[in-house]
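Report on one structure; see the data block that follows.
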Amino acid sequence: MSELRSERGFVLIAALTLAVLYFGLMELMLVDSGRELAEARRFRARVVAGIVAENAVELAAHQMTSSGGLKITEDDEQGSMEAELRRTGGDGFEIVGKGKTGGVIAQDATVFVQGRVDANGKVVIDYTMHGQ
């Protein structure tokens with residue numbers, strides 16, 4: 001009878017140990033998934049900020065036919081954007097676009113475009129730079 005009790009105790013200790021290890025593993029998986037979710041949100045916010053900044057540059061480029069400089073500020077459900085079109089010497093231009101995401105995680109991005117309008121009236125982009 002005492003041998004049966006010692007086996008029961010061993011089985012009970014083994015079951016408790018396995019349960020603790022199992023719940024510890026589940027806790028680690030929950031922590032890791034929370035970290036991955038936060039990284040995914042930051043990545044999405046960076047991508048959206050870049051797209052919003054590019055949209056701002058496109059809006060400013062669309063208005064390029066107007067004389068002088070131009071400043072655009074817009075807000076939508078993705079975030080806020082602003083762009084400035086500056087004329088440089090001759091037929092050159094520079095466009096600086098900035099985007100900021102709305103939502104849980106705010107991210108900023110900038111897009112810089114430098115170009116010129118050639119003799120045929122064709123727009124030529126010489127240089128672009130994207131930044132966070």
Side-chain angles (χ1 to χ4, degrees):
M1 182 83 173
S2 67
E3 190 175 305
L4 183 60
R5 283 188 182 188
S6 67
E7 287 179 11
R8 284 185 186 169
F10 178 73
V11 170
L12 181 61
I13 290 173
L16 288 174
T17 303
L18 286 175
V20 167
L21 290 174
Y22 178 74
F23 287 119
L25 179 63
M26 289 191 54
E27 180 68 25
L28 286 174
M29 288 175 58
L30 285 172
V31 168
D32 190 47
S33 66
R35 185 182 55 79
E36 291 291 332
L37 177 63
E39 285 181 23
R41 284 181 177 163
R42 282 192 297 275
F43 176 75
R44 181 190 180 281
R46 279 195 309 271
V47 170
V48 169
I51 290 171
V52 169
E54 288 177 2
N55 289 344
V57 167
E58 288 177 10
L59 281 173
H62 189 279
Q63 304 294 328
M64 194 177 294
T65 56
S66 67
S67 62
L70 173 73
K71 192 160 186 145
I72 293 175
T73 304
E74 294 285 331
D75 292 320
D76 64 7
E77 63 276 354
Q78 295 292 325
S80 62
M81 65 180 84
E82 64 180 63
E84 184 176 0
L85 169 65
R86 295 184 295 249
R87 302 285 182 179
T88 58
D91 293 330
F93 64 88
E94 293 178 349
I95 303 174
V96 178
K98 297 179 183 179
K100 183 173 182 139
T101 59
V104 178
I105 298 175
Q107 288 283 333
D108 295 323
T110 57
V111 175
F112 176 78
V113 177
Q114 181 179 346
R116 56 190 154 75
V117 181
D118 68 7
N120 298 329
K122 191 174 182 182
V123 175
V124 178
I125 304 296
D126 295 325
Y127 179 77
T128 63
M129 183 175 64
H130 297 253
Q132 294 292 328

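Counting from 1, the numbers follow the sequence of the chain as shown. Nothing here was measured: the structure is a model prediction, and the numbers come from that model.
Across every non-hydrogen atom of Arg41 and Ile105, the tightest pair is CB-CD1, 3.6 Å. Smallest separation of non-hydrogen atoms from Gly99 and Ala53: N-CB, 3.6 Å. Shown here for Ala56 and Lys98, the closest heavy-atom pair between the two residues is CB-O, 4.3 Å. Between Arg86 and Phe112, the shortest heavy-atom contact is NH2-CE1, 4.4 Å. Of all heavy-atom pairs between Asp118 and Val124, the closest is OD2-CG2, 4.3 Å. Across all non-hydrogen atoms, the minimal contact from Gln107 to Arg46 is OE1-CG, 3.5 Å.
Note that the CG atom of Leu30 and the CG atom of Leu25 stand 10.0 Å from one another [nearest 0.5 Å]. Atom CG in Asp126 sits 10.5 Å away from atom CD in Glu94 (nearest 0.5 Å). Rounded to the nearest 0.5 Å, atoms CZ (Arg116) and NZ (Lys122) are 10.5 Å apart.
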Exercise for the section: Starting from the C-alpha separation in whole Å, work towards a yes-or-no answer on side-chain contact (heavy atoms from CB on, under 4.5 Å) for Glu58 and Asn55. Expected result: CA-CA 5 Å; Glu58 288 177 10; Asn55 289 344; 4.1 Å; yes
Problem - side-chain contact (heavy atoms from CB on, under 4.5 Å) assessment of Leu21 paired with Thr17 - result: CA-CA 6 Å; Leu21 290 174; Thr17 303; 4.2 Å; yes
Exercise for the section: Evaluate side-chain contact (heavy atoms from CB on, under 4.5 Å) for Met81 paired with Leu59, printing each intermediate quantity in order. Expected result: CA-CA 10 Å; Met81 65 180 84; Leu59 281 173; 3.9 Å; yes
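Remark: side-chain polar atoms of Thr101 are not paired, donor with acceptor, to backbone N or O of Ala49 under 3.5 angstrom. A donor-acceptor pair is defined here as one N or O able to donate and one able to accept, closer than 3.5 Å; such a pair exists between the side chain of Asp76 and the backbone of Gln78.
A 4.5 Å side-chain heavy-atom check between Val47 and Ile51 finds at least one atom pair inside the cut-off. Residues Phe93 and Ile125 are in side-chain contact: their nearest non-hydrogen atoms beyond the backbone lie under 4.5 Å apart.
The hydrophobic clustering, which links ILVMFWY residues whose side-chain heavy atoms are closer than 4.5 Å, places Val48 and Phe43 apart. When hydrophobic clusters are built by joining Ile, Leu, Val, Met, Phe, Trp and Tyr residues whose side-chain heavy atoms come closer than 4.5 Å, directly or via intermediates, Met129 is grouped together with Val96.
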